[in-house]
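To start, the structure itself, in structure tokens.
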4 protein chains.
Amino acid sequence: MPAANLKVAGAPRSGADPPRKDKRSLILDSAIRVFAQMGYHGARVSDIAREAGIAYGLVYHYFKNKEEILNTIFEERWTGFLEALEGIAEGRNPTQDKLVSIAALVLNAYRLRPEWVKVLVLEIQRSSRFAEPEQMRAVGRLFGSVARILRAGQEAGALRADLDPELASQAFIGALETMITGQVLGVTRLPAEADDAATDRGAVDAVVDLFLNGLKARTTR
Amino acid sequence: MPAANLKVAGAPRSGADPPRKDKRSLILDSAIRVFAQMGYHGARVSDIAREAGIAYGLVYHYFKNKEEILNTIFEERWTGFLEALEGIAEGRNPTQDKLVSIAALVLNAYRLRPEWVKVLVLEIQRSSRFAEPEQMRAVGRLFGSVARILRAGQEAGALRADLDPELASQAFIGALETMITGQVLGVTRLPAEADDAATDRGAVDAVVDLFLNGLKARTTR
Amino acid sequence: MPAANLKVAGAPRSGADPPRKDKRSLILDSAIRVFAQMGYHGARVSDIAREAGIAYGLVYHYFKNKEEILNTIFEERWTGFLEALEGIAEGRNPTQDKLVSIAALVLNAYRLRPEWVKVLVLEIQRSSRFAEPEQMRAVGRLFGSVARILRAGQEAGALRADLDPELASQAFIGALETMITGQVLGVTRLPAEADDAATDRGAVDAVVDLFLNGLKARTTR
Amino acid sequence: MPAANLKVAGAPRSGADPPRKDKRSLILDSAIRVFAQMGYHGARVSDIAREAGIAYGLVYHYFKNKEEILNTIFEERWTGFLEALEGIAEGRNPTQDKLVSIAALVLNAYRLRPEWVKVLVLEIQRSSRFAEPEQMRAVGRLFGSVARILRAGQEAGALRADLDPELASQAFIGALETMITGQVLGVTRLPAEADDAATDRGAVDAVVDLFLNGLKARTTR
DNA sequence: CATGAATGAGCGTTCATTCAT
DNA sequence: GATGAATGAACGCTCATTCAT
């Protein structure tokens, strides 16, 4: 079950930024927040600097230019996320547990760092670099990991064999993504039981239940 | 079944476009394509004009400024999409047929006009105006329509009553969205049976099957 | 004798700029003046625009960037100068007349457009592009033309055969250059007889006399 | 004859420079090299520091700012050069010897420290401070010294009296300058006999011969 | 209507200079 | 002395927008 694969993090952000933190990470975190809010193109370097509380010239001590900030975010953060995901996929747990773990990982990541996800999902996709195979592959790995779980489930006889695992993995990831995006944008609400932002068991269990058992009423005989 | 859910369109696109077409629509269509390719911020007014084959000064005869183009796209195109969707939701068909119609509407819309969707989904969200309640409501209607279908299905006893219809509608829309986004970005493939881009029954049926019956293997007695 | 090979010009500049003139040439002329005054690196694009009396954004309608302005100056102006020079060198006049013509060409060019020369001599040399063989060759042609005149004079028996024509051409060009540079900088004065800036016979004849006959007193027998 | 016209120096350059040398001079020497290569405006303070192998902050312990470096170079180095020159001019040697000494001084200075000369000639001219009378006078002294030699020669009857000594001094200096500039830029070659970079008697003698005896063939009776 | 020359605010980036260590 | 992180003015360049033709 989803122990607590939340090392996704990276920033002990919590209200005001008082303590430790090297400038480089400070800039990255600020950039994530700013890119999420106004998009990569809409964000000015000076916005990032103001968010970080530094002079904008300093940004150029740590990064060659604005694009390098975006690329660094992708490389450093997405990789960590993928590894957590693949750790789950590679495990020996039953399929259902894996799906629950992934749903928890995704929903919690989104919930803890919504800007993080907005940047990864909305901005990096369209950065010119995204055309590069490297990034394509990185995103492909996300779907691939989930598809592998499903395929393993089919082979073990736990899942129906007549559904395309690729399609199902896309549906699963997409469902999770939209559930949170709706929240991020304030358009929708999730039935969050616990508000101890650490877990979101209500939604996690519900979405896995939905994917495993379907919507259709079963005439309980 | 989905009679002709294609009034989504807006442009009688058909190979080369030398024919009739008022400049205003021409500009809107060009803008959609350009915004989709490089994002709202990344697109220059001159890019739109070049795509439309007109002088960039002319754009300002038809639109006050660049932002008005984006807003117009949203208002004119999204509204048409929503009305088609609500027409399906309001119908008297069985739940399953409605879901199939919606899946077909969404998947085909994406398939026929991927730029269209990229702009609505990726750009308009981010435009500052999106904070405005009007736009929020417009997006909310999308989820609301689907949720209403599900709720009706629950009330009719066709669907399980223990799943939150809001959550399920988000999952369903999200699944559809990601299935296509993956294609748009070239990251994933859908099991398209027919290639007569008009329908995509393989994926449409599969995703509805998935949501209705779930992934889990049923011990067929 | 040097009729008036002054087609070096290019700009009917004369006090205030009232009349005709396409913007592109206006910008080039302004750039020459500004580069001459503060050097290529020291000149801001806005200085050029102010000098031309236009908005600086317009500069970028006509030139890709600042460097292209410098390169264009070189290509368009230096070429014209070289052709005039080579026309003289290729002629059938006696050596002395050719040297007089060249001295007049150079001294008058310098005199009429001192900025012109400062830019060619001081700025273009150090532009990165100067490393390119094309520019090297262009400068080499200057020395080559004069050396050819001298060599022809030697073959005709008019000039001493024991002096290296390359060295002498460098000395001759250098003398002319410095004579004017001194004036431009206001450090020295030339014995300009006529002030009808069209000719400068005093200095022209004097420098040719110097190079042909030398400084040494001849014991007139 | 040119005893030892090498006190022009300033830096005991000798292969690798690990040895003694106060930082201040180290910075000046590095600045000369860097200014010569990329121009005053094109050179960054950090370039100078890197060339000197020190942190760029240290530059500001020794100089108020970048401009002061340039001014210091001028004042310290140009003065030394002028004094050497005036020592020659004030001497009691025959005119020809003085011209040979000066040609050797200049050609060797250029040859030994081409950057030195490029900076003096190309950069300092342009620095805004050059408008200041002090610098103007300093350059004027160069021409004045040579003119004085020539005038003395005329008075002694060794040189023709009908040539303006000012003009001739400019021509002489200019010839020397261009002979070397061509070499520095790699555009031209001098007929260097000896390659022991200490002297360049071929070119030195040739240019003095040219200026004293002229180019014209003399019908040796 | 249509064009594209012209304008100038705005942003990315550079780099001289300061200053805490 | 020595370092290099930090600052911010300045400049190259872009591009939305205006307007004369």
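Every chain is numbered from 1, with letters handed out A, B, ... down the list of sequences.
- Taking every heavy atom of both residues into account, C:Val59 and C:Ala49 meet most closely at CG2-CB, 4.3 Å.
- Dashed line: the shortest gap from a side-chain N or O of C:Lys23 to OP1 or OP2 of E:dA6 is under 4.0 Å.
- In terms of modelled atom types and a separation under 3.5 Å, the side chain of B:Lys66 and the main chain of B:Tyr40 share a donor-acceptor contact.
- The CD1-P distance, from B:Ile69 to F:dC15, rounds to 15 Å in whole Å.
- With salt bridges taken as basic N to acidic carboxylate O contacts below 4.0 Å, none links B:Asp29 and B:Arg113.
- Rounded to a whole Å, the CZ atom of A:Arg24 is 13 Å from the P atom of F:dA5.
- In secondary-structure terms, DNA chain F builds stems of at least 3 consecutive Watson-Crick or G-U pairs, each pair having both distances under 3.5 Å, at E:2-21 with F:2-21.
- Between B:Glu115 and B:Arg33, none of the side-chain N atoms (NZ, or NE/NH1/NH2) sits under 4.0 Å from a carboxylate O, so this pair counts as no salt bridge.
- E:dT3 atom C1' lies 16 Å from atom CZ of B:Arg50, rounded to whole Å.
- Contacts of B:Tyr62 with the nucleic acid, taken as non-hydrogen atoms under 4.0 Å apart, involve only primed sugar atoms and P, OP1 or OP2.
- No donor-acceptor distance shorter than 3.5 angstrom exists from the side chain of D:Tyr56 to the backbone of D:Arg44, with no hydrogens or angles considered.
- What you find for C:Ala31 and C:Ile73 is that their closest heavy atoms are CB-CD1, 4.1 Å.
- Among all heavy-atom pairs drawn from C:Met38 and C:Ala43, the shortest one is CE-CA, 3.9 Å.
- Of the two residues near DNA chain F, A:Gly53 and D:Gly53, the one whose nearest nucleotide lies more 5' is D:Gly53.
- Side-chain N or O atoms of D:Asn71 include none that pairs as donor or acceptor with a backbone N or O of D:Glu68 at under 3.5 Å.
- Taking atom CZ on A:Phe63 and atom P on E:dT13, their separation rounds to 13 Å, with Å as the unit.
- Although no hydrogens or angles enter the test, the distance criterion places no donor-acceptor pair under 3.5 Å between the side chain of A:Tyr62 and the main chain of A:Leu28.
- Per the geometry, CG belonging to A:Leu70 stands 15 Å off C1' belonging to E:dG12, to the nearest Å.
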Heavy-atom protein contacts under 4.0 Å, nucleotides 14-21 of chain E, coded B base, S sugar-phosphate only, - none: BSSBB---

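- One can place CG of C:Asp47 at 13 Å from P of F:dA10, the figure rounded to the nearest angstrom.
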